[in-house]
Amino acid sequence: MTGQQPESRDDRFARLGEKQLDLLIVGGGITGAGAARDAALRGLRVALVDKGDWAQGTSSRSSKLVHGGLRYLETFQLGLVRESTAERAVQMRLAPHLVRPLEFMMPIYEGQKHGLHFINLGLWLYDSLALFRVPKRHRLLKGRRALSRQPNLRPDGLKGALTYFDAATDDARLTLENVLDAAALGAITVSHARATRLSKDDSGRVTGAEITDTLDPGGRKVSVSAHLTLNTTGPWADELLRMAGPTERPLVRPTKGAHIVLRAERLPLQLAVALIHPKDGRPVFAIPWGAQVYVGT
């Protein structure tokens with residue numbers, strides 16, 4: 001008895017144009033991949049395309065975190081923190097091989113805007129908004145006890161530290177697993193397939209797109225018809241929108257987050273560290289990741 005042969009990429013590309021879709025998703029990062037999986041779970045006819053590889057853009061260049069939004073407490077976005085911590089718990093339950101607990105330390109130094117006890121109260125709120133669905137509750141380490149957990153902290157002016165839990169992930173693999181599951185559920189998934197033109201009806205409503213195979217030397221194309229076209233291209237969202245016609249102003253204001261990647265032996269860490277920049281007060285993370293450490297953003 002022989003099993004069914006897996007569908008080739010050429011077959012998937014051709015199948016894009018066979019029937020009208022319920023949903024065409026352009027952009028194969030985590031947002032597009034998650035939307036495709038969700039739509040396929042609901043029984044919709046869905047296709048997901050990306051001009052490059054899955055997670056090639058922002059979704060493979062993150063801080064490798066599934067965090068609950070601790071920084072948003074300062075601006076009182078409690079609803080966002082509650083939602084983020086709930087989603088973090090779901091991901092840790094459904095994909096423990098990809099989303100795992102990560103312990104952070106936040107050292108507090110003399111002269112910082114917020115002291116130990118203020119941050120301690122904030123972390124009680126953080127844990128409570130998460131309904132205490134964390135591996136361990138946060139801890140307060142006074143004085144130089146923090147150095148026993150993280151010996152290479154600067155000791156001068158150190159008032160103490162707090163430890164708390166968030167989650168780390170392999171961002172590219174998390175995206176890829178969403179794509180694979182969407183495909184297993186019936187979605188048509190084709191990478192290296194660029195949307196080069198949007199189709200519109202007489203009223204100006206978008207009804208699909210022309211997709212070009214960027215791996216084909218002849219640049220073969222297929223016309224895809226869909227009830228709804230979803231733009232999940234992230235920083236390139238306005239580029240796709242312009243295909244539908246002129247826009248008054250860009251919808252996306254790009255921001256830039258840079259990481260410094262160091263070898264772990266240059267910055268050995270016992271656990272991740274959350275720091276406050278001494279000049280402008282921005283949060284900066286140092287996150288151990290295998291043989292490297294990410295510092296940023």
Could you work out, with salt bridge (charged side-chain N to carboxylate O under 4.0 Å, His left out) as the rule, every residue matching R71, not counting sequence neighbours? none

Min side-chain heavy-atom separation [X]-[Y] under 4.5 Å:
X	Y	result
V293	R266	no
R88	R133	no
L215	F13	no
L141	M105	yes
L153	Y109	yes

Charged N to carboxylate O below 4.0 Å: is that the case for [X] and [Y]?
X	Y	value
R42	D38	yes
D127	R137	no
D10	R220	yes
D156	R154	no

Could you tell me which non-hydrogen atom of G68 sits nearest to which non-hydrogen atom of S84, and how far apart they are? O-CB, 3.3 Å

I'd like to know if the side chain of [X] reaches the main chain of [Y], judged simply by a donor and an acceptor atom lying under 3.5 Å from each other, with no hydrogens or angles considered.
X	Y	result
D22	R45	yes
T214	H192	yes
D238	L251	yes

Considering the options D50, L230, V49, which one meets the side chain to side chain contact (heavy atoms under 4.5 Å, CB included) requirement together with V26? V49

Any chance the side chains of H97 and E177 put a donor and an acceptor closer than 3.5 Å? yes

Could you verify whether a donor N or O on one side chain and an acceptor N or O on the other, from N231 and T233, lie under 3.5 Å apart? yes

Which label fits Y72 and H67: parallel for a plane angle under 30°, tilted from 30 to 60°, or perpendicular past 60°? tilted

